[in-house]
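Report on one structure; see the data block that follows.
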Amino acid sequence: MGLKEVFSDYTVSIHYDRRLYKQDITGSIAHARMLCRQGIISESDAETIIAGLTDIENEIGRGKFEWKPELEDIHMNIERRLFELIGEPALRLHTARSRNDQIALDVRMYAKESITSILSALFDLRWNLVALADRYPDSPMPGYTHVQRAQPVLLAHHILAYYEMFSRDSERFEQAFDRTDVMPLGSGALAGLPYPIDRQFVADELGFSRVSANSMDAVSDRDFLLDFLSASSICAMHLSRMAEELVLWSSDEFGFVRMPDRYTTGSSIMPQKRNPDFAEIARGKTGRVYGCLIGLLTVLKGLPLTYNRDMQEDKEGFFDTSDTILTTLQIFADLVSGIEINANRMRQAAGDSYVLATDIADYLVARGAPFREAYRIVSRLSEYALEKGAGFGELSLEEYKSHSDLFGPDVYDITVESSIAARDVHGGTAYIRVLNAITAARTELEEQHGQ
Ligand code: ARG
């Protein structure tokens, strides 16, 4: 390839913006209809244009369209083909329009569709998380802080924590949708247009809830993509935390879950291995999603108003993020529904350790000890038990009493179950609270499903 070709390729975007062909054509059809209604082009021209655009959409759909890099982008490729097909009327389509408002329109339309698919995948994931929690409503496990066993919780409570995260992600995508749902066509290159256009008609045709208020902002603004990319980044972070737990939990060390076979692979040399590749790759993909957000923030940060060609760099990161998030959500929704839980092993891990230490301190508080003092006593008691190699349940009453005379025989009533049952506050892990949370989540999902 000669230098000249290298340089001309530099500005070409058709290899990625061809993805926008449906939006570009649908937008052009609405524009042509509006031009005709307003008497800006004739009815017969409008009909010819619309028929030609429909043919082009079919050509592209059937893989019969010849993409021409020398025409640079999706708009020029379609417009030139329209001219080949219908001749002179094609030259009237771009009346009262600029590629600057056209591309803003196409990307907004694509983003709205993409968010709709993501919301539906998020819904499935949330649904399946609640179903999983519902399958294990009273299974205890150790809850962790610092990856150290901390206090017993119900597995369902842990799972519902993810439900909350993904519900907030849904809200963020809905907000991103709302900001995207603004119709920019009619802004022209930057200043508006000297034609009697009807912007509301175009918005209605294309299903936008409102039209943009300022033509200069409309061709400069890519905030809606930043909203999308930041919602995606936060969602990717949640997916990655979940992936990390699945990787840990499926290890021999934890042995809490077994991933569905379709989401693990063997090692080429170690026959016993079941590597959690899907979870690892999901965790790894977080990097590229964050990268796309930072990339676009950086592209935009120094741009004077209005349109600058730098903005063409908004698309690849956006498409990549949209694909990555949608696929990862779909995989996780399926993975969650196929996961095997080793409830016994979790129960054992909750009972084996010193996770009841806080409850023993609370026991002393109930008998009048100040909490800090109780904490100190139990901390010594744990050291003592640890040194002896005994669990709390294996210490004699004398041993308890030698640490504090507030201890009585009912200290043996402190169990994993009593610890969980005691957390009977709104948002706590007590069985009844978790059951209510499952019901609340179900109701919320059913309401959203009906919408
Ligand atoms: N390919 C361009 C983009 O993605 C389309 C708009 C081009 N506008 C222009 N004035 N060159 O942003």
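Quick note: residue numbers are just sequence positions, from 1. In listed order, ligands and their atoms are each counted from 1.
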**Message:** So, taking the atom named CG in Leu53 and the one named CD in Glu79, what distance separates them when rounded to the nearest 0.5 Å?
**Reply:** 9.5 Å

**Asked** When rounded to the nearest 0.5 angstrom, what is the spacing between CD1 in Ile78 and OH in Tyr21?
**Response** 9.5 Å

**Item:** Cation-pi geometry met for Arg33 and Phe201 (6.0 Å, 45°)
**Value:** no

Under 3.5 Å, N/O to N/O: give me all the pairs between ligand 1 and the protein, one per line with atom names and distance.
{"from": "ligand 1", "atom 1": "1 (N)", "to": "Asp73", "atom 2": "OD2", "distance (Å)": "3.3"}
{"from": "ligand 1", "atom 1": "1 (N)", "to": "Gln312", "atom 2": "OE1", "distance (Å)": "2.9"}
{"from": "ligand 1", "atom 1": "4 (O)", "to": "Lys315", "atom 2": "NZ", "distance (Å)": "2.5"}
{"from": "ligand 1", "atom 1": "8 (N)", "to": "Asn100", "atom 2": "OD1", "distance (Å)": "3.0"}
{"from": "ligand 1", "atom 1": "10 (N)", "to": "Asn100", "atom 2": "OD1", "distance (Å)": "3.0"}
{"from": "ligand 1", "atom 1": "12 (O)", "to": "Tyr307", "atom 2": "OH", "distance (Å)": "2.4"}

Throw together a table of side-chain donor-acceptor distances under 3.5 angstrom for residues 218-225, partners on residues two or more places apart or in other chains.
{"from": "Ser220", "atom 1": "OG", "to": "Met216", "atom 2": "O", "distance (Å)": "2.7"}
{"from": "Asp221", "atom 1": "OD1", "to": "Asp223", "atom 2": "N", "distance (Å)": "2.5"}
{"from": "Asp221", "atom 1": "OD2", "to": "Arg108", "atom 2": "NH2", "distance (Å)": "2.7"}
{"from": "Arg222", "atom 1": "NE", "to": "Asp314", "atom 2": "OD2", "distance (Å)": "2.8"}

**Message:** Return the CG to NE2 distance between Leu129 and His158, rounded to the nearest 0.5 Å.
**Reply:** 10.5 Å

**Fill in**
Between Arg126 and Ser167, the two heavy atoms sitting closest are NE-OG, 3.0 Å

